Amino acid sequence: DKRLVAYVVGAADGATLKNHAAERLPDYMVPTAFVALDALPLTPNGKLDRKALPAPDLTIPGTGRPPANEREELLCRAFAEILGVDHVGVDDDFFDLGGNSLLAVRLTSRIRSLLQVDMSLRLLVSEPTVARLAARMDTKKSARPALRPMRTTEES
């Protein structure tokens, strides 16, 4: 699991830097984490010592609002599994937590197998939180082609 990390010299607010980067860069180029350093580590030759860079803290400062039902619980577990984190709250945004297009494809596939629904990638992009995705699944609009029960082999 590779993630883009930005190392910044000096005091920096990760949320501010992320917003600044998101305004200027395509989504796939916005770093997942920002690490503030007093100085960049250098080799004896004066080049950046990549091996000496500290690992980013990828713990997620989520809302922590717990799931309200079994569907939300399954979705929270799927989000956490795909993102490689311990916990995802129902209001946490998949893409703000480090999700990218490749992980989104994996997540939609995982949700299809867990909930037996034909879910599109477009739906995850438009409803990137567990709460919004579960609410969309609960509405009568869920009969639209973007989200419908999967056919079993017996029905085909």
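Side-chain atoms are counted along with the backbone in the values below, which use heavy atoms only and exclude waters and symmetry mates. Values in this document were obtained by computation on a predicted structure and should not be read as measured data.
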field: Derivation of the side-chain contact (heavy atoms from CB on, under 4.5 Å) call for L4 and V30
entry: CA-CA 7 Å; L4 186 59; V30 176; over 6 Å; no

query: Please walk me through it: do L75 and M137 pass side-chain contact (heavy atoms from CB on, under 4.5 Å)?
result: CA-CA 11 Å; L75 290 170; M137 290 178 178; 4.3 Å; yes

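Within 6.0 Å of the CZ atom in R122, the count of heavy atoms belonging to other residues, nucleotides or ligands does not exceed 12.
By the 4.5 Å heavy-atom criterion applied to side chains, L121 and V105 are counted as neighbours. Put simply, the side chain of V8 reaches to within 4.5 Å of the side chain of L17, judged on heavy atoms.
The two atoms that bring V35 and V5 nearest to each other are CG2-CG1, 4.0 Å, heavy atoms only. Across all non-hydrogen atoms, the minimal contact from F95 to G99 is CD2-O, 3.5 Å. Of all non-hydrogen atoms in E72 and A134, the two that sit nearest each other are CG-CB, 3.7 Å. Taking each heavy atom of I111 and A78 in turn, the nearest pair found is CG1-CB, 4.5 Å. Counting all heavy atoms, side chain and backbone alike, P67 lies closest to V90 at CA-CG1, 3.5 Å. Listed here is the closest heavy atom pair of V125 and P128: O-CD, 3.7 Å.
To the nearest 0.5 Å, atoms OG (S126) and CG (L133) are separated by 8.5 Å. Annotation: the span from H20 atom NE2 to D13 atom CG amounts to 13.0 Å, rounded to 0.5 Å. The CG atom of L103 sits 10.5 Å away from atom CG of L124, with the distance rounded to the nearest 0.5 Å. Atom CE of M119 sits about 10.0 Å away from atom OG of S109, to the nearest 0.5 Å. One distance of note links CZ of R65 with CG of D91; it measures 4.0 Å at 0.5 Å rounding. R110 contributes atom CZ, which lies 9.5 Å from atom CG of L115 (distance to the nearest 0.5 angstrom).
Residues I82 and L102 do not share a hydrophobic cluster, defined by chaining ILVMFWY side chains whose heavy atoms lie under 4.5 Å apart.
Panel note: side chain E73, backbone N69; no donor-acceptor pair is recorded below 3.5 Å. A distance-only check finds a donor-acceptor pair linking the side chain of K18 to the backbone of D96 [under 3.5 Å]. One N or O on the side chain of D92 and one on the backbone of G89 form a donor-acceptor pair closer than 3.5 Å.
If you run side chain to side chain contact (heavy atoms under 4.5 Å, CB included) between F94 and each of T129, L83, V88, only L83 comes through.
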For residues 44-54, dump all side-chain donor-acceptor pairs below 3.5 Å to protein atoms at least two apart in sequence or in another chain.
from, atom 1, to, atom 2, distance (Å)
D49, OD1, K51, N, 3.4

